[in-house]
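The structure appears right after this line, and notes come after that.
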2 protein chains.
Amino acid sequence: MAQPTMQQVAEAAGVSTALVSLVMRGAPNVSDMRRALVLKAAEELGYRPNVLARNLASRRTRTLGVVVNDLHNPFFAEIIDGIQSAAEANGYRILIGNGQHSRRGESDAIETFLQLRVDGLILAGAVVTEDEMERAAKSAAVVAIGRTAASREIDTVNCDESVGTRLVIDHLVGLGHRRISHIDGGSGAGAANRRLGYEESMREFGLGEFINTVRGDFSESGGYNAADELLTLHQRPTAIFAANDLSAAGALDRVEDAGLEVPSDVAIVGYDNTGLAAMHHLSLTTINQPRGVFGRIATELILERIDDGRTTAVHHVVAPTLVVRKTSGPSTETSREEEILV
Amino acid sequence: MAQPTMQQVAEAAGVSTALVSLVMRGAPNVSDMRRALVLKAAEELGYRPNVLARNLASRRTRTLGVVVNDLHNPFFAEIIDGIQSAAEANGYRILIGNGQHSRRGESDAIETFLQLRVDGLILAGAVVTEDEMERAAKSAAVVAIGRTAASREIDTVNCDESVGTRLVIDHLVGLGHRRISHIDGGSGAGAANRRLGYEESMREFGLGEFINTVRGDFSESGGYNAADELLTLHQRPTAIFAANDLSAAGALDRVEDAGLEVPSDVAIVGYDNTGLAAMHHLSLTTINQPRGVFGRIATELILERIDDGRTTAVHHVVAPTLVVRKTSGPSTETSREEEILV
DNA sequence: TTTCGAGATTGTAGCGCTCTAAACGTCAAG
DNA sequence: CTTGACGTTTAGAGCGCTACAATCTCGAAA
């Protein structure tokens with residue numbers, strides 16, 4: 001396992017280690033002859049630069065540490081895709097740390113990266129305290145995705161939930177719905193924003209009197225139970241807006257169990273556009289957050305700090321989009337009310 | 001961003017850098033007095049060991065690189081959980097690299113880790129050539145999860161597909177099914193093993209004449225189309241065994257679209273026990289692979305090589321289990337045939 | 001021919017740490 | 001009082017690389 005060093009390559013090629021170093025880094029002022037010589041020697045020896053030594057000597061790592069809150073959540077996979085391609089385009093490599101869905105796990109991952117002296121730290125969906133983020137910002141550039149930060153040292157990238165919720169309500173109202181209920185995410189992260197956005201949008205459309213939120217917990221069973229509650233109402237809603245796709249799936253399940261048709265009897269809209277929503281037999285209308293864009297922007301922000309020396313905080317807000325699928329359709333409400341009146 | 005060094009801590013504490021080094025590494029032969037002194041100085045300065053320098057000097061990193069084929073696949077998240085807890089228990093840290101679902105991406109991730117001089121490399125679901133794995137094994141201990149390797153330098157951890165497929169057929173036969181068709185994974189990774197396992201098991205149960213495989217591709221739509229094909233058969237199968245959960249979901253969709261009941265008209269079994277399968281409204285009978293165990297065993301194997309110096313290859317095979325949910329049930333076949341005969 | 005300068009190459013001092021061997025008490029036994 | 005042993009501390013030589021300044025080369029201009 002003893003690996004060849006630059007020294008050995010230099011000797012084999014009959015040049016100095018400094019020249020080998022230049023060749024390895026792709027420096028311009030090296031004659032083609034020696035470059036070829038060095039490359040050949042390196043190839044033959046199976047030389048592989050020692051990044052530890054390189055980084056130690058150059059005091060840069062050109063490495064970004066990415067800490068994700070929870071690797072199980074496919075949400076983060078797409079963010080990482082965005083980060084990775086943006087990082088590579090700029091000559092940076094990324095390393096991924098798993099927060100294991102806990103504050104403690106995130107802290108550990110952050111500490112590991114700082115000890116590795118990464119140039120930048122991207123925190124995706126982090127639940128660590130802002131204090132801790134600020135402490136990290138003393139040693140590396142930090143940007144947080146999906147959460148706010150007051151510190152001047154920390155940039156953020158977020159999605160505009162008020163736009164997302166308005167998109168949903170606008171869509172449903174446009175289809176003739178008025179009794180639109182909301183299954184919220186309880187005390188989960190971001191749940192409050194979506195609930196608020198729902199209420200605001202309803203009022204904007206003059207539907208304040210129809211505001212009706214039932215508690216969920218971002219889970220399938222939570223959505224199922226919440227829908228159950230909604231179906232027992234005297235006047236059941238004609239549309240259900242769930243705080244995420246999973247609870248929308250649960251709600252859908254309950255509604256269909258009750259023998260009702262989706263979307264003709266009850267329309268259902270989710271949030272997040274997960275792989276689930278795209279499934280043929282679910283085909284859920286939902287809000288899409290441009291996750292890859294999150295990653296790209298976060299990377300760009302962090303590189304502005306590292307390479308361009310920006311020191312003021314930038315807070316980027318990205319607009320979500322509506323993805324219409326098969327669980328939303330025109331309300332049959334109006335005609336029914338007329339029938340009743342007649 | 002200039003970080004305090006061991007030198008500064010030593011000066012502040014009035015001791016040598018060597019002593020600081022000992023304290024930082026938790027060495028035993030240090031007097032309590034000096035230990036406290038050093039710890040205090042380090043704390044006050046906000047000292048954080050430089051892992052680059054440490055690893056360079058000690059020629060060990062106590063770090064495991066984990067390369068996953070595709071971060072989008074939740075399958076790997078659980079494997080990582082297993083690796084992480086086993087690694088931590090042994091004083092190792094892990095770094096995760098994303099293969100981006102491509103040979104090229106995996107190669108890059110492997111190369112990055114080797115340049116970082118990780119002590120061990122765990123490849124999960126890797127699609128790189130065995131040659132490349134072997135080359136990596138010259139610089140670090142390597143274990144592959146979910147694939148075979150002939151090299152003596154490489155350990156493997158795999159699931160016994162023949163057991164898994166037998167479990168499925170056994171279950172279905174026990175329920176009275178005989179016309180059990182298979183939707184395979186086409187040329188996808190592992191598809192051949194499952195197809196073979198299906199055929200073998202069928203023959204074992206004396207059902208060779210009912211062997212019938214239609215082509216899928218591990219996708220939902222692939223499952224849908226394959227099921228479509230199966231339903232047009234003169235004698236349609238009473239049970240469908242799909243090569244993974246996603247294609248099982250597609251098949252389920254098609255069967256229900258045809259107005260048939262699952263499981264009474266057609267039973268459906270998937271493979272992998274993904275989160276999808278557990279969903280209430282799918283509730284798919286499927287084969288569970290103990291993913292966390294994969295990770296734990298892989299880690300144990302790699303540490304045997306690193307710490308205990310094992311040099312022979314170990315190939316570990318883990319047994320999968322059957323998870324019975326709602327898409328499988330008794331065959332109604334027998335009674336029907338009797339009716340026809342009468 | 002001499003001079004000059006740009007490009008190519010090299011010597012070497014670190015980067016921040018670990019590790020080995022040696023040095024330094026300190027104290028009980030001789 | 002000397003010696004030896006033991007536990008603690010330290011000096012200093014690397015680890016493999018980069019960065020900077022210094023040096024070398026060689027053709028073009030004077």
Side-chain angles (χ1 to χ4, degrees), chain A residues 1-39 41-42 45-63 91 93 112 114-119 139, chain B residues 1-39 41-42 45-63 91 112 114-119 139-140:
Chain A
M1 305 254 177
Q3 312 231 8
T5 69
M6 193 165 258
Q7 175 96 32
Q8 295 170 39
V9 175
E11 276 163 22
V15 299
S16 69
T17 58
L19 216 226
V20 177
S21 173
L22 289 173
V23 172
M24 284 340 237
R25 284 177 285 157
N29 291 342
V30 176
S31 67
D32 289 347
M33 184 198 97
R34 312 238 178 191
R35 183 185 304 278
L37 225 53
V38 169
L39 255 20
L45 288 171
Y47 172 72
R48 169 178 293 131
N50 184 324
V51 167
L52 297 172
R54 193 214 285 279
N55 291 348
L56 181 61
S58 67
R59 264 143 300 183
R60 317 249 293 85
T61 57
R62 290 196 83 81
T63 298
R93 82 179 89 225
T112 292
L114 291 181
Q115 290 189 1
L116 268 174
R117 300 297 193 264
V118 295
D119 293 334
S139 314
Chain B
M1 306 257 174
Q3 311 232 11
T5 70
M6 194 165 258
Q7 175 95 29
Q8 295 171 39
V9 175
E11 278 165 21
V15 299
S16 69
T17 58
L19 217 227
V20 177
S21 174
L22 289 174
V23 171
M24 288 334 266
R25 282 177 285 155
N29 292 342
V30 177
S31 65
D32 289 348
M33 185 198 97
R34 312 237 181 194
R35 184 185 302 278
L37 226 52
V38 168
L39 254 20
L45 288 171
Y47 172 73
R48 171 178 291 130
N50 184 326
V51 168
L52 297 173
R54 191 212 285 278
N55 292 348
L56 179 60
S58 67
R59 265 143 294 182
R60 315 253 291 89
T61 57
R62 290 195 84 78
T63 299
T112 292
L114 291 181
Q115 291 188 1
L116 269 175
R117 300 298 193 263
V118 295
D119 294 332
S139 314

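Below, chains carry the letters A, B, ... as their sequence lines are ordered, and counting in each starts from 1. These numbers come from the heavy atoms of this one structure, side chains and all, not from hydrogens, waters or symmetry mates.
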Heavy-atom nearest nucleotide on DNA chain D for B/Ser16 versus A/Asn50: which residue maps closer to 5'? B/Ser16
Here's a test of your reading of the structure: between B/Thr17 and A/Pro28, which maps to the more 5' nucleotide of DNA chain C? A/Pro28
Measure the shortest side-chain to side-chain distance between A/Asn50 and B/Gln115 over non-hydrogen atoms and say whether it is less than 4.5 angstrom. no
Would you please confirm or rule out a distance under 4.0 Å between OP1 or OP2 of D/dT8 and any side-chain N or O of B/Ser31? no
Between B/Gly14 and B/Ser58, who's closer to the 5' end of DNA chain D by nearest nucleotide? B/Gly14
Measure from the side-chain heavy atoms of B/Met6 and tell me the nearest of D/dC17, C/dT18, C/dG16. C/dT18
Tell me yes or no: between the side chains of B/Ser21 and B/Arg25, is some donor less than 3.5 Å from an acceptor? yes
What is the distance from CG of A/Asn29 to P of C/dT10, rounded to the nearest Å? 14 Å
Choose from C/dG14, C/dG16, C/dT9 the nucleotide whose nearest atom is closest to any side-chain atom of B/Ala57. C/dG16
Taking NZ, NE, NH1 and NH2 as the nitrogens, is one of them in A/Asp119 or A/Arg62 under 4.0 Å from a carboxylate oxygen of the other? no
Round to the nearest Å and state the distance from B/Arg25 atom CZ to C/dT18 atom P. 5 Å
Can you measure A/Arg54 atom CZ to C/dG16 atom P for me and round it to whole angstrom units? 18 Å
At under 4.0 Å between heavy atoms, what does B/Val15 touch on the DNA or RNA strands: base, sugar-phosphate, or nothing? sugar-phosphate
Provide, to the nearest angstrom, the distance between the CG atom belonging to B/Leu56 and the P atom belonging to D/dT18. 12 Å
Roughly how many Å is it from CG in A/Leu22 to C1' in D/dA19, rounded to a whole number? 10 Å
Counting only N and O atoms by type, is there a donor-acceptor contact under 3.5 Å from the side chain of B/Thr61 to the main-chain atoms of B/Arg117? yes
When rounded to whole Å, the CG to C1' distance for the pair A/Asn55 and D/dG16 reads 12 Å
d(CZ, A/Arg117; C1', C/dG16) in whole Å: 9 Å
Picking from D/dC17, C/dT18, C/dC15, which would you name as closest to the side chain of A/Arg59? C/dC15
Side-chain (B/Arg48) to main-chain (B/Gly46) donor-acceptor, under 3.5 angstrom: no
So what does B/Val51 touch, heavy atoms closer than 4.0 Å: a base, only the sugar-phosphate, or nothing? nothing
Rounding to an integer number of Å, can you tell me how far A/Leu19 CG sits from D/dA22 C1'? 15 Å
Looking at D/dG12, C/dT9, D/dA19, which one has an atom nearest to any side-chain atom of B/Ala18? D/dG12
